[in-house]
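Working notes, beginning with the structure itself.
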Amino acid sequence: MSGKPKLTYFNGRGRMESVRWMLAAAGTEFEEAFLETKEQYQKLIKDGALLFDQVPLVEMDGMKLVQTKAILSYIAGKYNLYGKNLKERAQIDMYVEGKSDLMGMVLTYPFSPPEEKEKKLALINERATTRYFPVYEKALKQHGKDFLVGNCLSWADVHLLEAILMIEELKPNVLSQFPQLQGFKARISNIPNIKKFLQPGSQRKPPPDDAYIATVLEVLKSD
Ligand code: GTS
C-alpha cells in the first residue's frame, strides 16, 4: 500500500468526480482502480468491500468508505475544508446540498433517452439560473469575500466550481447574468491545487461519452 487514498469506480465522472475534486483541492495524491467488468464489481461485493454493494469506494486511513456524502464529509473534515465551527459547517452543508441537487440532474442527464434530453437540459438551465446560482451570487455580493463561507476555501467552494464548469459544458453562457460567480470561478480556478487539477493530464475526468455509459450499464446490469 502506498498510503495514498485508493478510489474504486468507473473511469469517468459519475459520483466519484466530486471526491477527485476534493482530494485535488486538498493537494492529496490518490490512486484509482477502474471497474471495467461485472466480475470486478462482483468480486468487491464478495470480498465484503462494499457496505451497501455500491460504488464509489474510497480506501483511506484504514477504512473502506462508501456513500458519496460520507466520503466527501470525511475528506472535508480531514483537510480543513469544513468551516471553523458548527454554524459554518451548517452553512457549508446547505450550499453543498443545493449543488448536489443540481448536480444530480447533470449526473443522470447523459443516461436519459435521446427524446428526453432537450427537456432535461432546459430544466438544468432553468434550475441553475433561477434557483441555485442566484443564491451563491447573492451570498458573494452581500459579504464581499472571496469564498462562500468564513473567508477560506471550503467544500462549498470546491463543489460550486465543479458544478459551474460542468453546467458550462452543457450551457456555455450559463453565468452571463452572474458577475459575482464569474469572478468566483476565476478566483477559485486559480488556486494552485485546483489550477493543477484543471490542467490536461490530471485525474479530472472528461464529460461522459458513449463508452463510459455502456461500461456503467454493463457492470451494473442485473442478471
Ligand atoms: N447513495 C450512494 C452514494 O451516494 O454513494 C449511491 C451509490 C450508487 O447508487 N452507486 C451506483 C451503484 O453502485 C453506481 S453509480 O450510480 O455511481 O454509477 N449501483 C449498484 C446498486 O446495486 O445500487
Side-chain angles (χ1 to χ4, degrees), residues 5-26 28 30-79 81-82 89 92-114 116-117 120-121 123-124 127 132 155-156 158-160 162-163 165-167 169-170 203-223:
K6 181 178 169 192
L7 280 47
T8 302
Y9 197 66
F10 307 101
N11 186 8
R13 289 181 181 172
R15 294 176 209 273
M16 190 64 103
E17 192 66 355
S18 296
V19 177
R20 300 183 185 107
W21 267 88
M22 285 285 278
L23 289 169
T28 299
F30 56 90
E31 292 174 356
E32 299 196 78
F34 298 126
L35 287 181
E36 277 154 7
T37 65
K38 198 165 178 53
E39 290 67 38
Q40 291 169 327
Y41 170 57
Q42 281 168 337
K43 183 170 185 323
L44 286 173
I45 295 176
K46 196 164 157 260
D47 292 348
L50 307 177
L51 194 60
F52 299 108
D53 295 352
Q54 292 174 321
V55 286
L57 166 68
V58 175
E59 293 167 83
M60 67 188 289
D61 299 340
M63 295 183 287
K64 289 188 193 306
L65 295 168
V66 294
Q67 291 292 355
T68 316
K69 212 186 291 179
I71 297 167
L72 289 168
S73 164
Y74 180 75
I75 294 169
K78 174 167 175 153
Y79 295 106
L81 294 165
Y82 215 171
R89 186 172 281 220
I92 290 167
D93 281 339
M94 287 193 284
Y95 286 153
V96 163
E97 284 306 306
K99 275 160 299 187
S100 298
D101 289 347
L102 180 58
M103 272 153 73
M105 294 196 280
V106 177
L107 202 81
T108 54
Y109 172 74
F111 291 88
S112 44
E116 286 176 20
K117 283 217 155 120
K120 291 220 162 163
L121 190 54
L123 183 62
I124 291 171
R127 285 288 155 81
Y132 296 106
W155 180 8
V158 179
H159 221 41
L160 178 56
E162 183 192 356
L165 296 182
M166 273 195 202
I167 294 171
E169 287 169 356
L170 300 171
Q203 284 163 295
R204 186 177 174 223
K205 301 295 178 264
D209 60 10
D210 290 347
Y212 165 74
I213 290 165
T215 304
V216 174
L217 295 176
E218 177 59 29
V219 171
L220 296 181
K221 131 177 130 194
S222 40
D223 298 315

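One-based numbering, in listed order, for ligands and for the atoms of each. Residue indices begin at 1 and follow the sequence shown. Below, each value reflects all heavy atoms present in this structure, side chains not excepted, and no hydrogens, waters or symmetry copies. Just so it is clear, the model here is predicted, and its values are computed rather than measured.
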Practice prompt. Check each heavy atom of Y9 against ligand 1 and say whether those closer than 4.0 Å belong to the side chain, the backbone, both or neither.
Written response: side chain

Worksheet entry | Nearest-neighbour protein heavy atom for atom 4 (O) of ligand 1, which is reported as residue plus atom name and distance | T68 OG1, 2.9 Å

Worksheet item: Is Q67 close to ligand 1, meaning an N/O of one under 3.5 Å from an N/O of the other?
Response: yes

Fill in: Any side-chain donor near an acceptor of the partner, Y41 and D53, under 3.5 Å
no

Fill in: Polar proximity ligand 1 side, V55 side, N/O cut 3.5 Å exclusive
yes

Worksheet item: Is the shortest distance from a Lys or Arg side-chain nitrogen in E162 or K99 to a carboxylate oxygen in the other one below 4.0 Å?
Response: no

Worksheet item: Where does V66 meet ligand 1, judged by heavy-atom distances below 4.0 Å: at the side chain, the backbone, both, or neither?
Response: neither

Response to the item:
Short version for Y41: what comes under 4.0 Å of ligand 1, heavy atoms counted, is side chain

Worksheet item: With distance as the sole test, does Q203 use its side chain to make a donor-acceptor pair with the main-chain N or O of F30 at under 3.5 Å?
Response: yes

Practice prompt. Do me a favour and list the nearest non-hydrogen protein atom to atom 8 (C) of ligand 1 with residue, atom name and distance?
Written response: R15 NE, 3.3 Å

Practice prompt. Start with the C-alpha distance between D61 and K78, add both sets of side-chain angles, then the distance that settles salt bridge (charged side-chain N to carboxylate O under 4.0 Å, His left out), and finish with yes or no.
Written response: CA-CA 10 Å; D61 299 340; K78 174 167 175 153; 2.8 Å; yes

Item to complete: Tell me, please: is P56 in heavy-atom contact with ligand 1, that is, under 4.0 Å?
Response: yes

Discussion item. Checking L160 against Y95 for the side-chain contact (heavy atoms from CB on, under 4.5 Å) test, could you report, in this order, the C-alpha distance in whole Å, the side-chain angles of both residues, the deciding distance, and whether it holds?
Written reply: CA-CA 8 Å; L160 178 56; Y95 286 153; over 6 Å; no

Worksheet item: Of E17, Q67, M16, which is the lone residue that meets side chain to side chain contact (heavy atoms under 4.5 Å, CB included) with P56?
Response: M16

Discussion item. Could you check whether any side-chain N or O of Y9 sits under 3.5 Å from a backbone N or O of R15, counting only pairs where one atom can act as donor and the other as acceptor?
Written reply: yes

Discussion item. I'd like to check which ligand 1 atoms, numbered from 1 as shown, lie under 4.0 Å from a non-hydrogen atom of F10.
Written reply: 18 (O)

Worksheet item: Identify the closest protein heavy atom to atom 23 (O) of ligand 1: which residue and atom is it, and at what distance?
Response: Q54 NE2, 3.0 Å

